[in-house]
Amino acid sequence: MSEPARASALAPFRIRNYRFQWPADLLTSWAFEMETLILGWYVLVETGSVLLLTLFASLSYIGTLIAPMLGVVGDRIGHRDLLAMMRATYAVLSGTLMALALTGYLSPLYVLIIVAIMGLVRLSDIGVRGALVATIMPHDQLIGAISVSRTTMDTARIAGALSGVGLFAALGMGPAYVAIVSLYIASTLLTLCVVAPSKPHPIDEAADSVLGRSSMRDLKEGMAYVWTTPRMRAAIWIAFLANLTAYPLSNGLLPYIAREIYGTNQAGLGYLSASFAIGSLVGSILLSLIGGIRVARLMIASTVVWYATLLVFAQMQSVPSAIACLMLAGFSQSLAMISIAVILMRTASEHFRGRVMGVRMLAIYSLPLGLLAAGSLIGEIGFAATGTLYAATGLALMLAIVLHWRADLWHLHAPANAK
């Protein structure tokens, strides 16, 4: 790797706050991935129901309904403080699951209840960390910082998938959860080491007036801000569509695919999940090394490739071929999601970033809807037909979005394509 490439990839770590936020995000993402795979496999094995598996996966995203309000809170109290409180909450709830597992009282019902509670805040973690990165990083380093930040989720999905299911298979639920709780506690402490203003603006009379306004008014302003900015609205619609029709095939349904389609065990599930993350990691690293990207065009091209790959994945009948498809799907979705985040953060004014990312998280509400619908469809027409329907529908609607907002997304000199 050339010296300029190395400098570009490592540049965000010259910022002291980023050197604390990155490992904090990494440990949180690692714990998320371990917990999701362990509990997903537990629910599927204990109940034998794909509908309950999709219900479990859907509960993790219940927080989409309050994500915009958490964005308002982040804009008011500071994104660092909000992130630390959220991560302390994860530690407490996971500690409850750990205690139930170690004492033998764990059941699928308790898992669903605690996952629903955690889902209220956990989903907003990605949006709040993105807003914090935008706060602590110089504008000219934002693409590199968001790309490198994305690697925390990618590497965690690789290591977390393999280590999580490995610990679960070898030692059982209780010991695996000891590791998960430890990761959450460490991530909370590292987040508190980030030195960021507790409030994004100086406290003066004008700021006091803003802070005294109702939260609902702030929320309405944030949503109106996104809705009246064409390139932001288009990016949000693409995010909504991807969560509805693409992520269910590569995320929530993987335990079912591994067990029922390929007849494999926890180790096979880990390999499938890790392969998607490996592709995503390569995409994140590649984008952090390359400058001068037309971001909106990259978003369009990578989303098209993502759907085309999922069309092929739905027909695969063996683990090796599925792994190859998932790697390419992971690569393209990484480029698409980073592009969406960059468009939103570049466009948003500083005092709106938390609310903009809250609206972005609201788009994830389509994921539980897609999961629940997929669970019903699979029982009726099978996985291959369901996967084909999802990918083909997503691709068609994606092209319709691009056609409608072509002036804001495709034109070379559109603000969304600024280098």
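Just so you know, these numbers come straight off a predicted model, no measurement behind them.
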>> Main chain of A374, side chain of Y390: is a donor-acceptor contact present, judged purely on distance under 3.5 Å?
In response: yes
> Does some side-chain heavy atom of L399 sit less than 4.5 Å from a side-chain heavy atom of V304?
Replying inline: yes
>> Ignoring hydrogens, what is the shortest heavy-atom contact between T303 and A336? Give both atom names and the distance.
In response: OG1-CB, 3.5 Å
> If we only count heavy atoms from C-beta on, is the Y90 to D125 side-chain gap below 4.5 Å?
Replying inline: yes
>> So P108 and L52, do their side chains get closer than 4.5 Å, heavy atoms only?
In response: no
> What are the two closest non-hydrogen atoms of S280 and S334, and how far apart are they?
Replying inline: O-OG, 3.1 Å
>> To the closest 0.5 Å, what do you measure between OG1 (T264) and CD (E260)?
In response: 12.0 Å
> Would R297 and S302 satisfy side chain to side chain donor-acceptor pair (under 3.5 Å), going step by step from the backbone distance to the final call?
Replying inline: CA-CA 9 Å; R297 287 190 170 190; S302 55; over 6 Å; no
>> Between E46 (side chain only) and V43 (backbone N and O only), is there a donor and an acceptor less than 3.5 Å apart?
In response: no
>> Pair S366, L241 - check side chain to side chain contact (heavy atoms under 4.5 Å, CB included), show working.
In response: CA-CA 7 Å; S366 60; L241 182 62; over 6 Å; no
> Counting N and O atoms only, with roles assigned by atom type, does the side chain of S94 sit under 3.5 Å from a partner on the main chain of A91, one being a donor and the other an acceptor?
Replying inline: no
> Nearest heavy-atom pair of T309 and C325: which atoms, and what distance?
Replying inline: CG2-O, 3.1 Å
> Rounded to the nearest 0.5 Å, what separation is found between the OH atom of Y177 and the OG atom of S182?
Replying inline: 13.0 Å
> What do the steps show when you test M173 against L97 for side chain to side chain contact (heavy atoms under 4.5 Å, CB included), and what is the final call?
Replying inline: CA-CA 9 Å; M173 179 80 81; L97 284 173; over 6 Å; no
>> If I take atom OG1 from residue T188 and atom CG from residue L183, how far apart are they, to the nearest 0.5 angstrom?
In response: 10.5 Å
> Can you list the steps and then say if R122 with T28 is a side chain to side chain donor-acceptor pair (under 3.5 Å)?
Replying inline: CA-CA 10 Å; R122 173 172 155 173; T28 302; over 6 Å; no
>> side chain to side chain donor-acceptor pair (under 3.5 Å) for Q21 and N17? Distances and angles first, verdict last.
In response: CA-CA 6 Å; Q21 186 183 349; N17 280 332; over 6 Å; no
>> Donor-acceptor check, side chain of S49 to backbone of L51, threshold 3.5 angstrom: yes or no?
In response: yes
>> I'd like to check I323 versus F276 (side-chain heavy atoms, cut-off strictly below 4.5 Å). Are they in contact?
In response: no
> Roughly how far, to the nearest 0.5 Å, is the CG atom of L397 from the OG1 atom of T245?
Replying inline: 7.5 Å
> Checking salt bridge (Lys or Arg N to Asp or Glu O under 4.0 Å) for the pair R233/D408: CA distance, chi angles, key distance, verdict?
Replying inline: CA-CA 10 Å; R233 184 156 41 127; D408 299 286; over 6 Å; no
>> Could you walk me through whether Y247 and W306 satisfy the ring pair (Phe, Tyr, Trp, His ring centres under 6.0 Å) test, starting with their C-alpha distance in whole Å, then the side-chain angles of each, then the deciding distance to 0.1 Å, before giving a yes or no?
In response: CA-CA 10 Å; Y247 276 121; W306 185 8; 5.0 Å; yes
>> In this structure, is the centre-to-centre distance between the rings of Y184 and W30 below 6.0 Å?
In response: no
>> Looking at every non-hydrogen atom in both residues, tell me the closest pair between S275 and M327 and how far apart they are.
In response: O-CG, 3.2 Å
>> The test is side chain to side chain contact (heavy atoms under 4.5 Å, CB included); show your working for W41 and R259 and say whether it passes.
In response: CA-CA 9 Å; W41 188 265; R259 190 167 188 254; 4.2 Å; yes
> Under the side chain to side chain donor-acceptor pair (under 3.5 Å) criterion, do Q333 and S250 qualify, and how do the steps go?
Replying inline: CA-CA 10 Å; Q333 71 83 32; S250 57; over 6 Å; no
>> Rounded at 0.5 Å granularity, tell me how far OG1 in T393 sits from OH in Y307.
In response: 9.0 Å
> Is there side-chain contact between S273 and E33, with at least one heavy-atom pair below 4.5 Å?
Replying inline: yes
>> Quick check: closest heavy atoms across A322 and F313, and the distance to 0.1 Å?
In response: CB-CE1, 3.8 Å
>> Please give me the minimum heavy-atom distance between I378 and Y256, naming the atom from each residue.
In response: CG2-OH, 3.4 Å
> How many angstroms lie between CD1 in I180 and CZ in F32, if you round to the nearest 0.5 Å?
Replying inline: 11.5 Å
> Is any side-chain heavy atom of T191 closer than 4.5 Å to a side-chain heavy atom of F20?
Replying inline: no
> Looking at side-chain heavy atoms only, is the closest gap between E35 and M118 below 4.5 Å?
Replying inline: yes
>> If you define the side chain from C-beta out and look only at heavy atoms, does anything of L244 sit under 4.5 Å from L367?
In response: no
> Hey, mind stepping through W405 and W410 against side chain to side chain contact (heavy atoms under 4.5 Å, CB included) and telling me if it holds?
Replying inline: CA-CA 8 Å; W405 278 287; W410 189 254; over 6 Å; no
